[in-house]
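One structure is given here, and the rest of the page talks about it.
Predicted, not measured: the structure shown is a model, and the values here were computed from it.
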Amino acid sequence: MLELNTFEFGLLEVLVLASWNGYFRKYFVAFLLIILVVGKLTVQHWNLKQIATQFKDFEKQRVWIEGTIYDAEQRPKDWLVVLSDTQIKHLNIKHDKMIIRLLDTRKRSLYRGKKVLISGTLESMSLKKRELQLTLSNIRAGLMIPEQTPLKYFWESLRLQLANRAAFYLSESSIQLYLPLVLGMKSYSKTYHLFRSLGLSHLLVVSGLHAGLFFFGVRYLVVWLSQWLPYFFVLRFRRWVQDGFSFFVLLAYVLLLGFPAPALRATVGIGIFLLTRTAGISANPLHALATVAACFLLWNPQWIADLSFQLSFVATAGILMFRNLYLSVQGLSFSERLLIYCLNSLFASVGVLLTISPLLLKIFATVSLAPLWLNALMTPLLAFFVLPVCVFTFMISMFFLHSLPFSWLEVNAFALAEWVLEKWAGVLEGLGGETPYVITSEHSWTFWDYVAYYVFLALLVWTVHWFTAYKRTSPKLKEI
């Protein structure tokens with residue numbers, strides 16, 4: 001269900017599609033989105049009326065509500081809990097968002113993102129501004145036990161077996177890096193906290209960087225196999241077949257990880273990129289990014305307030321903002337290419353830092369400056385050494401999963417992965433040290449602070465793009 005107060009931001013992002021091959025497409029897409037919004041809001045209003053009618057028949061009776069905590073606040077006389085993706089099974093009711101007032105003063109472990117089952121006596125129900133508000137007494141709250149389908153059980157058990165297999169070979173420090181990188185599991189090691197303190201936690205999360213590297217790595221392997229093995233001959237002359245096969249492998253890998261949100265967003269973005277390329281549509285990267293963001297907001301508008309969603313798209317926009325400043329390495333020597341790479345990495349890191357700083361200062365009150373120089377070294381090491389070795393080890397582990405351990409190939413693969421991970425972490429410890437290089441701020445960011453900051457940033461980006469475009473056309477500035 002869509003709510004206008006959160007969807008309007010997504011609609012503004014979609015309208016950035018201007019200049020995607022002319023004004024007709026711009027206004028046509030906007031017109032279709034407006035029709036979609038009106039239609040979904042109408043359906044939502046009708047569904048809410050049906051839900052309100054059902055609830056009136058169950059006043060003073062016990063109800064059981066499942067959902068994910070979106071926000072929770074303990075007040076002097078009660079709790080105010082906002083649940084997303086809610087479901088009331090015995091009433092056959094599903095709704096995106098419910099505001100529940102719990103008539104209870106006890107301390108409870110209700111935190112954002114926790115999946116809970118709340119039961120209580122329904123005291124009252126109201127419908128205000130398309131929001132369903134319930135008041136419950138005699139509260140009981142616990143963890144929600146999600147439904148376990150056979151397919152979901154199969155993938156989760158397979159991932160657990162692979163994690164146990166890796167733990168059999170790797171040391172404690174290495175396994176804490178291997179599991180987040182390959183299987184998307186959480187880590188609490190000292191090295192992981194070093195990555196976080198230096199602003200490099202994105203390297204240990206299966207996100208857009210990892211999904212992109214995985215996809216293009218698989219595609220390169222498919223192209224290479226199609227040239228040398230007769231069984232892959234069908235993949236040689238059809239680029240869309242190569243793209244489709246590589247994307248299918250990426251989708252299967254993300255499914256194994258349980259569809260983590262950052263990897264899922266990157267997978268959808270790669271899918272849209274492949275579709276536009278196959279259809280022959282040349283799109284501005286920022287417009288394509290806005291399209292992907294709009295697709296997710298159409299699916300669930302509440303993601304606009306999710307920090308992970310904001311950081312993913314805002315950081316990517318920061319990389320693309322100063323793309324006109326990126327220098328080409330064509331026809332240059334190795335030393336010149338290395339220098340150009342360092343400059344381009346600095347431009348990208350500055351762009352990301354400028355875009356995500358308000359978000360980080362709002363939540364954590366600190367921003368690390370270390371990525372400005374550490375990304376230039378740690379990211380290539382991840383792309384060309386760490387991730388390929390870990391993925392290769394992961395594939396070998398899958399092949400030998402149902403056999404006895406200590407096979408020669410598996411032992412040496414994990415030994416190589418452990419050596420690479422330890423050296424990679426050692427490089428970070430040597431360069432990062434114990435100085436976090438952070439900026440701290442106690443300023444409380446308001447909505448208008450965000451507006452003023454990003455308007456100024458947009459003007460800065462426009463000035464940079466205008467200057468680079470004018471420089472290409474002006475004879476006097478070409479020599480600068």
Side-chain angles (χ1 to χ4, degrees), residues 146-167 175 177-186 202-229 231-236 238-278 292 295-296 299-300 308 312 382-383 386-403 409-410 413-414 417:
E147 293 184 358
Q148 195 79 319
T149 62
L151 182 61
K152 187 175 181 180
Y153 175 79
F154 168 76
W155 287 112
E156 288 186 354
S157 61
L158 177 61
R159 186 164 65 148
L160 185 60
Q161 291 178 52
L162 290 169
N164 292 334
R165 190 87 174 186
I175 194 66
L177 296 178
Y178 177 85
L179 293 181
L181 275 173
V182 179
L183 296 176
M185 295 183 174
K186 292 183 178 181
H202 60 280
L203 299 181
L204 292 181
V205 178
V206 181
S207 57
L209 173 64
H210 300 72
L213 292 174
F214 186 88
F215 170 78
F216 288 107
V218 171
R219 193 183 185 285
Y220 177 81
L221 181 62
V222 168
V223 173
W224 182 81
L225 290 175
S226 67
Q227 299 294 328
W228 296 99
L229 296 180
Y231 298 105
F232 290 86
F233 183 80
V234 69
L235 301 176
R236 182 177 300 180
R238 297 288 184 180
R239 188 176 68 177
W240 66 270
V241 177
Q242 298 172 353
D243 291 341
F245 181 80
S246 304
F247 184 75
F248 175 79
V249 175
L250 172 63
L251 197 61
Y253 176 64
V254 176
L255 177 62
L256 172 64
L257 302 183
F259 284 116
L264 180 60
R265 289 192 286 265
T267 303
V268 173
I270 292 174
I272 293 178
F273 163 74
L274 295 177
L275 287 176
T276 55
R277 190 174 71 168
T278 304
V292 176
C295 291
F296 279 96
W299 179 260
N300 188 354
S308 175
S312 295
L382 173 70
V386 179
L387 198 59
V389 169
C390 289
V391 172
F392 172 75
T393 305
F394 163 76
M395 296 174 66
I396 296 297
S397 177
M398 285 195 66
F399 183 79
F400 289 100
L401 186 60
H402 297 291
S403 61
L409 184 59
E410 189 177 21
F414 274 108

Test item: F247 and T267 side chains (from C-beta on) under 4.5 Å apart, heavy atoms: yes

CZ-CZ distance between F248 and F215, expressed to the nearest 0.5 angstrom: 14.0 Å

Approximate separation, where rounding is to 0.5 Å, of L204 CG and L179 CG: 11.0 Å

Point-to-point distance, once rounded to the nearest 0.5 Å, from CG of L160 to CG of L183: 10.0 Å

pair L209-L382: side-chain heavy atoms closer than 4.5 Å: yes

Residue pair V218, L250: steps toward the side-chain contact (heavy atoms from CB on, under 4.5 Å) verdict: CA-CA 8 Å; V218 171; L250 172 63; over 6 Å; no

Closest contact, heavy atoms only, A266 versus A211: CB-CB, 3.8 Å

Heavy-atom side-chain proximity of L409 to F400 below 4.5 angstrom: yes

Euclidean distance, R219 CZ relative to I270 CD1, rounded to 0.5 Å: 12.0 Å

Considering all heavy atoms, the nearest M398-L158 contact: CE-CD2, 4.3 Å

From CG (L256) to CD (E156), nearest 0.5 Å: 10.5 Å

Nearest-0.5 Å distance, OG of residue S246 to OH of residue Y220: 13.5 Å

Heavy-atom check, side chain of F214 versus side chain of V254, under 4.5 Å: no

C390 versus V182, closest heavy-atom pair with distance: CB-CG2, 3.5 Å

Minimal non-hydrogen separation, E410 against I396, with atom names: CA-CG2, 3.9 Å

Test item: Y253 and V249 side chains (from C-beta on) under 4.5 Å apart, heavy atoms: no

L203 backbone acceptor or donor facing H210 side chain under 3.5 Å: yes

Non-hydrogen atoms of R165 and L401 that approach each other most closely: NH1-O, 3.4 Å

Over all atoms of both residues, closest heavy-atom pair of G184 and R159: O-NH1, 4.2 Å

